[in-house]
Amino acid sequence: EITYTITATATGSGVLPNLVIRDTIPAGTTYVPGSITLDAATQTDAQDSDGATFTANAIAVALGNVQGGTAHVVAFKVKVN
């Protein structure tokens, strides 16, 4: 298994509206169901209130409005085929 970690840092003093982090699952790998985390909190794979989803070949995590000067960490796992 490989864990991918994405850190999104909002710079400046304003608000970034409707920020979404997306990443495509690399070729030759398979997504590990239920492995998405946001700031170390487990997220679901279905489209629901936590904002994280997995579809076909990509993950997406909707962060909503993000204040400048803050950072969020998204992680997920894949298995090498």
Beyond-backbone contact of [X] with [Y], side-chain heavy atoms, under 4.5 angstrom:
X     : Y     : result
His72 : Thr70 : yes
Asn65 : Asn18 : yes
Thr37 : Phe76 : no
Ile2  : Val80 : yes

Got more than 12 heavy atoms from elsewhere within 6.0 Å of CD, Gln47? no
Distance-minimising heavy-atom pair for [X] and [Y]:
X     : Y     : value
Ile21 : Leu63 : CD1-CD1, 3.7 Å
Ala71 : Asp39 : O-OD1, 4.3 Å
Ile36 : Ala52 : CG2-CB, 3.9 Å
Ser13 : Gln67 : O-NE2, 2.8 Å

Positive for side chain to side chain contact (heavy atoms under 4.5 Å, CB included) with Ile25, one of Ile59, Thr30, Val32: Ile59
I would like to know whether Tyr4 and Val78 meet side chain to side chain contact (heavy atoms under 4.5 Å, CB included); could you show each step before the answer? CA-CA 8 Å; Tyr4 286 93; Val78 298; 3.6 Å; yes
Single-linkage hydrophobic cluster, 4.5 Å side-chain cutoff, Ile6 and Val61 together: yes
Qualifying residue for side chain to side chain donor-acceptor pair (under 3.5 Å) with Tyr31, from Asp45, Thr55, Asn57: Asp45
Can you measure from OG (Ser35) to NZ (Lys79) and round to the nearest 0.5 angstrom? 10.0 Å
